[in-house]
Amino acid sequence: MNIKCLNKKTTILFLVLFLKVFGQGDLSITEKDKEIQLKGNKKYIYQAKLNKGELLQLHLQQKNVDLQITAFSPDNDTLQQFDAPNGKNGLEIVELPIEKSGIYHFEVSPLIPKRFTGATRQKYIDNIDGSYIVSKYNILSPKEHILLQNKRKAQKDSVISWIKDESISLKSVTAETGLTDLMGLKAILKDVQIVGLGETSHGTKEIFEMKHRILEFLVKEMGFTIFAIEASHIGCKPINDYVLYGKGSSREALTAQGFWIWNTEEIIEMIEWMRDYNLSAPEHKKVKFIGIDTQMVALELAYDRVNNFVRKTKNDGLLRVKVDSLFHKLKNKPDRNDMSLQRQKLYTVLSYLVVNEVKLIHQTSKQEFKQVISDVKKIIQGVEVADRNFEKHIDFEIRDEYMAQTVLEILQKEKPGVKMVLWAHNTHISKNVETKISGKVRPLGSILKEYFAEKYYAIGFSTNQGSFRAMNYNAKEKKYDKNAVFTIPLAKEESLDWYFAQANKDIFFIDFIKLSPPNTITTFLNQERKAYRGGASWSLDYGILPAFDISPGKNFDGMIFIKETSHSILTPAGEKEVEKRVKNNAH
């Protein structure tokens, strides 16, 4: 090992492969498994003599630093840059087939986003303080490389054949086109109480339409009566009033829920279908529309009900919190860096209500009291989800915790055995407790799996190419400047989306649970692979696609693949909501 410092920020590490006369590799790397510190924009260069036909395998385990590895040829040309979109922790894997004998080198450095410039870039560099471990450094001979290629091809072919044979082809994403092709799902879902329907993004037309069609099937053929969605619990009441009783209009009700991502023509069509179905359905088969989210969106109805309740009852000066001024502040962009004062006041209100339950029920009614308790809880949950200071002190995704709590509350109010269709993002419906949302673990689906076991069935979604809609984050100006359509090209080879595309089916459903797949397939389902995933925002400045690691069998019980997708269509009111969010720099 020869270590030579070129300057304060660059160190060269020579990892040299000594070849024996008969061509076998004898690797001598003393740095393997040793933790290497990486601060600022420090770089390490690993150099090795390699022969044509060999395969270099290099694994680096990241710790609190996002690495990129650049491979250079013997002619000093850049061959390839490796960077998995897995953040600051996780494995960076380099596999480089050698096409020309000579000395190659590999530069390991922190990934510094191109969007950062000037002082912002320097501040980002100054805050880099992590490390990595060389967990694997291996060179396969040409013969070993060929054997590995053949083995991988056989495994790949086996997986593709399994997907082709076991997937159920679906004829359309459009509702009310017949349900015959979906009948194969009956046996799979017959004992299920909650079906989670995911999505690759919050702005994909065909996925929205397919979920509408699955809802139609589950309602008409399997007796599901609750539709729950990742939207404001309070704000969705007008939609429920419309689909059940015809109050107001579908467009006014949809706008009231406050999320632009759902204010689309596809959702309007689904709401109108629910209303039409309920008009002729018997009372016990009518479908309810309920929001389960707990953000500080569309809480006005809750503010008004709590305020009116406090005014209506005689608190004898015991409640010293002025709820009207508190709610006014919450509605007018409070400082989300620290909302501890608002949280404290809200807990004071809740404590007063609980302690004085008997008196307050006597002055009003049991139903009003229960409603106001529920409203205060939802306001508190919204504040805690929004409070960045509060979030720092918890190691799980509190928003998903509260969404799961809301699901349980909804089901407890219904008759035993009532069935629910749950609409949310792929990450939220994931049954894998390790799935991360905003850097925190324990998604909604994993909590439901704990409570309901095999009675919760998570269906993820996948697409091979197309487009989706999201708010564009202008990285240079640090603001959301428009609602944009983002293009996703053909999925990269060996990604999860690519594997599904090899089945040569436009749309299909595949079950991972009841098929009892062979070991090769089980391994495939448990491995992490890239898959398209976008949320409510992305950036045209990022220069990378919204693809993240996913373990299909760990995250989902089954998946629906749609080969080509397009962006959702905003309603006129949705477009106005987007304009308002651009003005307020919110996504």
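Everything numeric in this text was worked out from a predicted model, so none of it was measured. Computation of the quantities below employed the complete heavy-atom set of this structure, encompassing side-chain atoms and omitting hydrogens, waters and symmetry-equivalent molecules.
Arg533 and Asn426 share no donor-acceptor pair across their side chains, judged by distance under 3.5 Å alone. In summary, the side chains of Glu35 and Ser131 do present a donor paired with an acceptor at a separation below 3.5 Å, with no hydrogens or angles considered. In this model, no donor atom of one side chain and acceptor atom of the other lie less than 3.5 Å apart for Gln61 and Ser135. With 3.5 Å as the limit, one finds a donor-acceptor pair spanning the side chains of Thr204 and Ser201. For the residue pair Asp293/Gln295, the side-chain donor-acceptor check at 3.5 Å is satisfied. With hydrogens and angles left out, the side-chain atoms of Glu206 and Ser566 include a donor and acceptor closer than 3.5 Å. Counted by atom type alone, Asn138 and Gln57 present one or more donor-acceptor pairs between their side chains at under 3.5 Å. Judged by distance alone, the side chains of Lys505 and Ser167 do bring a donor and an acceptor atom under 3.5 Å apart. Checking Asp511 against Tyr457 by side-chain atom types alone, a donor-acceptor pair falls below 3.5 Å. With hydrogens and angles left out, the side-chain atoms of Asn526 and Ser551 include no donor and acceptor closer than 3.5 Å. Counting only N and O atoms by type, the side chains of Thr463 and Thr565 include a donor and acceptor under 3.5 Å apart.
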Next on the checklist: Run Arg529 and Asp549 through salt bridge (Lys or Arg N to Asp or Glu O under 4.0 Å) and show every step you take.
Outcome noted: CA-CA 5 Å; Arg529 292 186 182 275; Asp549 290 321; over 6 Å; no
Next on the checklist: Test salt bridge (Lys or Arg N to Asp or Glu O under 4.0 Å) on Lys205 and Glu209; report intermediate values, then the result.
Outcome noted: CA-CA 6 Å; Lys205 177 181 178 65; Glu209 291 175 330; 3.3 Å; yes
Item to check | Full working for salt bridge (Lys or Arg N to Asp or Glu O under 4.0 Å) between Glu230 and Arg399 | outcome: CA-CA 11 Å; Glu230 181 192 340; Arg399 181 177 159 220; 2.8 Å; yes
Next on the checklist: Show, in sequence, the C-alpha distance, side-chain angles and deciding distance for Thr435 and Asn555, and conclude whether the side chain to side chain contact (heavy atoms under 4.5 Å, CB included) test is met.
Outcome noted: CA-CA 8 Å; Thr435 298; Asn555 288 18; 3.7 Å; yes
Next on the checklist: Working note: Leu55 + Ile139, criterion side chain to side chain contact (heavy atoms under 4.5 Å, CB included); need CA distance, chi angles, decisive distance, verdict.
Outcome noted: CA-CA 6 Å; Leu55 177 71; Ile139 298 172; over 6 Å; no
Next on the checklist: Using ring pair (Phe, Tyr, Trp, His ring centres under 6.0 Å), reason through Phe468 and Tyr532 one step at a time and then give a plain yes or no.
Outcome noted: CA-CA 11 Å; Phe468 68 97; Tyr532 286 129; 8.6 Å; no
Next on the checklist: The test is salt bridge (Lys or Arg N to Asp or Glu O under 4.0 Å); show your working for Lys449 and Asp557 and say whether it passes.
Outcome noted: CA-CA 11 Å; Lys449 204 69 174 178; Asp557 298 303; 3.1 Å; yes
Checklist entry - Can you list the steps and then say if Leu60 with Val134 is a side chain to side chain contact (heavy atoms under 4.5 Å, CB included)? => result CA-CA 5 Å; Leu60 302 182; Val134 179; 3.6 Å; yes
Checklist entry - Yes or no on side chain to side chain contact (heavy atoms under 4.5 Å, CB included) for Ser462 and Asp497, after CA distance, side-chain angles and deciding distance? => result CA-CA 6 Å; Ser462 166; Asp497 305 317; 2.5 Å; yes
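For Asn519, the side-chain hydrogen bond (donor to acceptor under 3.5 Å, both in side chains) test picks out no residue, with sequence neighbours left out. Residues passing the salt bridge (charged side-chain N to carboxylate O under 4.0 Å, His left out) test with Arg152 are Glu95, sequence neighbours excluded.
In this structure, Thr294 OG1 and Ile398 CD1 are separated by 8.0 Å, a value rounded to the nearest 0.5 Å. Note that OG of Ser169 is 9.5 Å distant from CD1 of Ile507, once rounded to the nearest 0.5 Å. To the nearest 0.5 angstrom, Thr264 atom OG1 is 7.5 Å from Leu570 atom CG. Note that CD of Glu266 and CD1 of Ile207 are 11.5 Å apart. Values are rounded to the nearest 0.5 Å. Between the CG atom of Leu444 and the CD1 atom of Ile292 there is a distance of 5.0 Å, given to the nearest 0.5 Å.
For His425 (side chain) and Gly534 (main-chain N/O), a donor-acceptor pair under 3.5 Å exists by modelled atom type. Between the side chain of Asn474 and the main chain of Asp481, no donor-acceptor pair closer than 3.5 Å is present. Looking only at distances, a side-chain donor or acceptor of Arg213 sits under 3.5 Å from a matching main-chain atom of Ser172. Checking side-chain atoms of Trp260 against main-chain N and O of His587 turns up a donor-acceptor pair under 3.5 Å. Of the possible polar contacts, none joining the Arg469 side chain to the Val485 backbone as a donor-acceptor pair under 3.5 Å is found.
The environment of Lys171 atom NZ is dense: over 12 non-hydrogen atoms of other residues, nucleotides or ligands sit within 6.0 angstrom. Under a cut-off of 6.0 angstrom, the local environment of NZ in Lys440 is crowded, with over 12 non-hydrogen atoms contributed by other residues, nucleotides or ligands. Within a 6.0 Å radius of CD in Glu99, other residues, nucleotides and ligands contribute 12 heavy atoms or fewer. Sparse packing is recorded around NZ of Lys39, with 12 or fewer heavy atoms of other residues, nucleotides or ligands lying under 6.0 Å away. Heavy-atom contacts from other residues, nucleotides or ligands closer than 6.0 Å to NZ of Lys436 number 12 or fewer.
Contact between Arg442 and Glu450 at its shortest, heavy atoms only, is NH2-OE1, 3.1 Å. Across every non-hydrogen atom of Phe82 and Ile93, the tightest pair is CD2-O, 3.8 Å. When every heavy atom of His428 is checked against every heavy atom of Pro443, the shortest pair comes out as O-CB, 3.8 Å. Residues Asn337 and Asp387 come closest through the heavy atom pair O-OD1, 3.9 Å. Contact detail for Ile550 and Ala531: the closest heavy-atom pair is CG2-CB, 3.7 Å. Across all non-hydrogen atoms, the minimal contact from Thr200 to Phe461 is CG2-O, 3.2 Å.
Using a cut-off of 4.0 Å between Lys/Arg side-chain N and Asp/Glu carboxylate O, Glu493 and Lys156 are scored as salt-bridged. Checked for salt-bridge contact, Arg121 and Asp126 miss the test: no charged N lies under 4.0 Å from a carboxylate O. Taking a cutoff of 4.0 Å between a charged side-chain nitrogen and a carboxylate oxygen, Lys530 and Glu494 do not qualify as a salt bridge. Salt-bridge formation is detected for the pair Glu577/Lys580: a Lys NZ or Arg NE/NH1/NH2 atom is positioned less than 4.0 Å from an Asp or Glu carboxylate oxygen.
Taking the six-membered ring where the residue is Trp, the centroids of Phe72 and His105 are separated by under 6.0 Å. Aromatic ring centres of Phe208 and Trp423: separated by under 6.0 Å. Taking the six-membered ring for Trp and the full ring otherwise, the centers of Phe106 and Tyr46 sit at least 6.0 Å from each other. A centroid separation of less than 6.0 Å is found between the aromatic rings of His202 and Trp262.
Ring orientation note: the planes of Tyr44 and Tyr132 are nearly perpendicular, at an angle over 60° on the 30°/60° scale.
The shortest side-chain heavy-atom distance between Ile45 and Val108 does not fall under the 4.5 Å cut-off. Under the 4.5 Å side-chain criterion, counting only non-hydrogen atoms from C-beta, Gln80 is not in contact with Thr70.
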